[in-house]
Amino acid sequence: MSKAPPLRLGVNVDHVATLRNARGGNHPDPVRAALAAIEAGADGITAHLREDRRHIRDTDMARLKEAISRPLNFEMAATEEMLRIALATRPHAACLVPERRLEVTTEGGLDVVGQRAALEPFIAALNDAGIRVSLFIAADPAQIEMAAKLRAPVIEIHTGAWCDAVTAGETARAESEWRRIVAGAALARSAGLEVHGGHGLDYATAEKIAGLPQVVELNIGYFMIGEALFVGLAETVRQMRAAMARGREAAGAA
Ligand code: PXP
């Protein structure tokens with residue numbers, strides 16, 4: 001079996017900020033959580049500065065960039081405001097996500113087919129600034145092929161529909177969503193894209209997707225921050241890394 005490349009864990013600290021904002025003060029601090037996650041073995045930190053600032057604030061992004069020694073992945077909607085902040089912050093990576101004000105979380109992937117003309121200048125501006133762009137899309141062949149045409153080096157496959165079906169115990173739907181992810185990861189890789197995954201992942205789903213050798217990064221937040229309430233963030237990172245390592249072994253990694 002050929003060797004699968006290493007699999008990185010990006011820890012999303014948005015929901016540390018959600019908890020902080022419930023009281024409006026400074027505690028718990030997402031930057032402190034980011035440092036603890038890195039100390040425990042996270043490869044990078046992800047944060048989503050939403051238009052409505054419901055969790056991460058502008059100052060959090062700047063402080064994260066300043067404080068952490070690992071790559072910062074700036075999740076953002078393709079808007080002029082976010083582009084300006086991303087260019088000023090200079091994160092390692094930017095992940096373009098769809099955003100609707102009333103959604104509870106990022107519900108669907110970006111429609112890169114329908115939004116091609118609108119997205120192109122944002123991808124170009126981020127590429128030109130040396131910020132690695134990823135497009136958060138469903139594992140849909142048309143979306144993947146368009147992502148490859150748009151000069152974005154990375155896609156992040158939206159794993160939410162699969163994870164929701166697993167959680168709901170809807171076996172047939174889970175199986176069909178999983179098959180879409182497997183085929184999508186293979187298609188994206190063969191189109192020259194780097195493949196990431198994220199949304200709704202827990203220990204079991206992260207272990208399973210780690211078995212896909214095309215996937216080289218997982219970005220995980222909500223489950224890990226919830227788990228951290230019970231066992232601590234460092235232990236949660238260690239357990240997530242262990243789950244990913246088990247899955248990766250199945251893919252033939254060293
Ligand atoms: N990746 C992207 C692009 C996201 O929008 C999110 C949610 O902010 C995540 C990963 C993390 O999802 P979750 O918090 O469900 O683990």
Side-chain angles (χ1 to χ4, degrees), residues 7-19 21 30 33-34 37 42-56 60-61 64 71-78 82 86 91-101 103-112 119 122 126 132-139 143 147 152 154-168 177 181 184 188 193-210 215-229 233 236-237 239-240 243-244:
L7 178 59
R8 299 187 296 270
L9 170 62
V11 174
N12 179 317
V13 295
D14 290 352
H15 297 298
V16 178
T18 303
L19 201 54
N21 294 359
D43 297 297
I45 297 298
T46 292
H48 183 177
L49 185 65
R50 297 184 72 105
E51 184 196 4
D52 62 8
R53 311 304 200 264
R54 69 175 65 161
H55 37 57
I56 293 294
D60 294 328
M61 257 326 166
L64 282 168
L72 174 63
N73 178 29
F74 187 142
E75 280 183 17
M76 55 182 270
M82 287 302 148
H92 169 76
C95 181
L96 295 180
V97 302
E99 211 178 283
R100 285 197 308 279
R101 196 180 281 270
E103 70 189 359
V104 176
T105 180
T106 313
E107 280 162 5
L110 262 185
D111 177 12
V112 294
L119 289 170
F122 289 93
L126 292 164
R132 189 200 64 192
V133 186
S134 74
L135 302 176
F136 185 48
I137 58 173
Q143 299 291 347
V154 181
I155 60 160
E156 180 165 319
I157 292 180
H158 195 314
T159 52
W162 170 53
C163 293
D164 285 349
V166 171
T167 304
E177 291 292 345
I181 291 171
L193 291 158
E194 180 171 315
V195 184
H196 300 177
H199 211 281
L201 294 167
D202 61 10
Y203 293 137
T205 44
E207 179 171 342
K208 181 150 175 158
I209 199 169
V215 177
V216 297
E217 181 174 309
L218 298 178
N219 288 303
I220 311 179
Y222 190 74
F223 171 80
M224 293 187 70
I225 301 307
E227 240 345 73
L229 295 174
L233 186 54
T236 304
V237 170
Q239 288 190 31
M240 185 55 80
M244 288 163 56

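All values below come from the heavy atoms of this structure, side chains included, with hydrogens, waters and symmetry mates left out. Note that the numbering runs from 1 along the sequence shown for the chain. Remember, it's 1-based here, ligands and their atoms both numbered in the order they're listed.
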Partner residues of Glu194 under the side-chain hydrogen bond (donor to acceptor under 3.5 Å, both in side chains) criterion, sequence neighbours left out = Arg8, His196
Below the 3.5 angstrom mark, is there an N/O of [X], backbone or side chain, next to an N/O of ligand 1?
{"X": "Glu156", "value": "yes"}
{"X": "His15", "value": "no"}
{"X": "Glu75", "value": "yes"}

Do side-chain atoms of [X] reach the backbone of [Y] as a donor and acceptor pair under 3.5 angstrom?
{"X": "Glu51", "Y": "Glu99", "result": "no"}
{"X": "Asn12", "Y": "Tyr222", "result": "no"}
{"X": "Asp14", "Y": "His48", "result": "yes"}

query = Do the ring planes of Phe136 and His158 sit parallel (below 30°), tilted (30 to 60°) or perpendicular (above 60°)?
reply = parallel
Ligand-side contact atoms (ligand 1) for residue partner [X], heavy atom cut-off under 4.0 Å:
{"X": "Gly221", "result": "13 (P), 14 (O), 16 (O)"}
{"X": "Asp14", "result": "8 (O)"}
{"X": "Val97", "result": "3 (C)"}
{"X": "Asn12", "result": "8 (O), 11 (C)"}
{"X": "Gly200", "result": "12 (O), 13 (P), 15 (O), 16 (O)"}

remark   = Sorted by chain and residue number, the side chain to side chain contact (heavy atoms under 4.5 Å, CB included) partners of Ala161 (sequence neighbours excluded) come out as Glu177
request  = Please step through side chain to side chain donor-acceptor pair (under 3.5 Å) for the pair Asp164 and Thr167, ending with a clear verdict.
outcome  = CA-CA 5 Å; Asp164 285 349; Thr167 304; 5.5 Å; no
task = Using non-hydrogen atoms of the residue, decide whether Phe136 is closer than 4.0 angstrom to ligand 1.
result = yes
